[in-house]
Participant: 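Starting off with a structure, shown below.
All chains are named by letter (A, B, ...) in the order of the sequence lines, taking the proteins before the strands, and each is independently numbered beginning at 1. Treat the numbers as computed from the prediction; the structure is a model and nothing was measured.
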2 protein chains.
Amino acid sequence: MELDDTDRAILRILQEDARTPFSEIARRIDMSSATVHDRVGRMEDAGVIEGYHASVNAKAVGYGVSALVGLRVEQGREEDALERLREIEGVREIHLTTGEWDVILRVVAEDTDRLRDLMFDRIANMDGFSRSQTMIILGTDYEVEGPPI
Amino acid sequence: MELDDTDRAILRILQEDARTPFSEIARRIDMSSATVHDRVGRMEDAGVIEGYHASVNAKAVGYGVSALVGLRVEQGREEDALERLREIEGVREIHLTTGEWDVILRVVAEDTDRLRDLMFDRIANMDGFSRSQTMIILGTDYEVEGPPI
DNA sequence: CATGAAAGAATGAGCAG
DNA sequence: CTGCTCATTCTTTCATG
């Protein structure tokens, strides 16, 4: 799908605050709210907008620790290994990467004890991985949602 | 702030689809929409809900490549180095980590050429870093927003 | 936490440039 | 093809018990 400047302006607003009323978006970009409605609908249908999500403070719901986990996957075990990782609740992202690791996970846990359980009991000793490294996130200095638009 | 099961149910719905009308949330959790309104407002004020964001498909807006970048920061240069990283448009997340790297970035770029420019011209040769490694994300197998609730 | 009412927003049809 | 106007329905929001 081809996006014009109006589409991009709408995306920028919704990326920043997904609950902005169409009527206010319309005011800001100087179009009618029916037009905003049309365009948002088309971008949703085309998969340009993949969804709308509330950002929930992880600590507030009891998840105090996050980490990035690098994994080496044994040859031929890839599909099976990924399948099992997806089923672990603390695993929030699974990226296939070049470089030192085949797979990098983002995981969350209630505390460091639970992270240890997650890593030792469920991931590091899981069949199909030959090596792992846990990089605990001490803090997130900066974070913006999605791509620049 | 203390969250009860009703709050958590609301969070789960908004985390999944931040544009769900309060009236529909109310129907699903069997409460009045005024109550949903109150609770959402309180969770926003308390910082439990940090915002609402549209997920925009990066490729659709011209960003075809993402990578994780590990960096070693020279002693005493931390603040200055982070400051400059935050100003680079392609840098979307900056995490301080334990383990092999002091800092891990998530970056996006239009294509591999632009990623190379970003890495060589702007990051790797930036003052204050002694070592870097770029792990290109070949694909994201799985991704869920935020913590489990 | 609910009710109820006023204000505001979403939505879709049909029309105009 | 694109955006607008208009009318209906639904939603938000807030004062009150």
Participant: Could you work out, with side-chain contact (heavy atoms from CB on, under 4.5 Å) as the rule, every residue matching B:Asn125, not counting sequence neighbours?
Facilitator: none
Participant: Can you list, in residue-number order, the parts of residues 13-21 of chain B that come under 4.0 Å of DNA chain D, counting heavy atoms only?
Facilitator: B:Pro21
Participant: Once side-chain contact (heavy atoms from CB on, under 4.5 Å) is applied, do any residues pair with A:His53, and if so which ones, sequence neighbours excluded?
Facilitator: B:Ser55, B:Glu145
Participant: A:Glu24: what forms a salt bridge (charged side-chain N to carboxylate O under 4.0 Å, His left out) with it, not counting sequence neighbours?
Facilitator: A:Arg28
Participant: Name every residue in residues 22-33 of chain B that has at least one heavy atom under 4.0 Å from any atom of DNA chain D, in order of residue number, or write none if there are no such residues.
Facilitator: B:Phe22, B:Ser23, B:Arg27, B:Ser33
Participant: Quick one: do B:Ile10 and B:Met43 satisfy side chain to side chain contact (heavy atoms under 4.5 Å, CB included)? Show the steps, please.
Facilitator: CA-CA 10 Å; B:Ile10 294 170; B:Met43 290 194 283; 4.0 Å; yes
Participant: Quick one: list whatever passes side-chain hydrogen bond (donor to acceptor under 3.5 Å, both in side chains) with A:Arg84, sequence neighbours left out.
Facilitator: A:Asp80
Participant: With sequence neighbours excluded, tell me which residues meet side-chain hydrogen bond (donor to acceptor under 3.5 Å, both in side chains) with A:Ser23.
Facilitator: none
Participant: Identify, with sequence neighbours excluded, every residue that meets side-chain hydrogen bond (donor to acceptor under 3.5 Å, both in side chains) alongside B:Glu50.
Facilitator: A:Asn57
Participant: Reading DNA chain D 5' to 3', which nucleotide is the first, and which the last, to come under 4.0 Å of any heavy atom in chain B?
Facilitator: D:dT11 to D:dC14
Participant: Could you work out, with salt bridge (charged side-chain N to carboxylate O under 4.0 Å, His left out) as the rule, every residue matching A:Arg42, not counting sequence neighbours?
Facilitator: none
Participant: Restricting to salt bridge (charged side-chain N to carboxylate O under 4.0 Å, His left out), what partner residues turn up for A:Arg19, sequence neighbours left out?
Facilitator: none
Participant: Not counting sequence neighbours, which residues clear salt bridge (charged side-chain N to carboxylate O under 4.0 Å, His left out) with B:Arg8? List them please.
Facilitator: B:Asp5
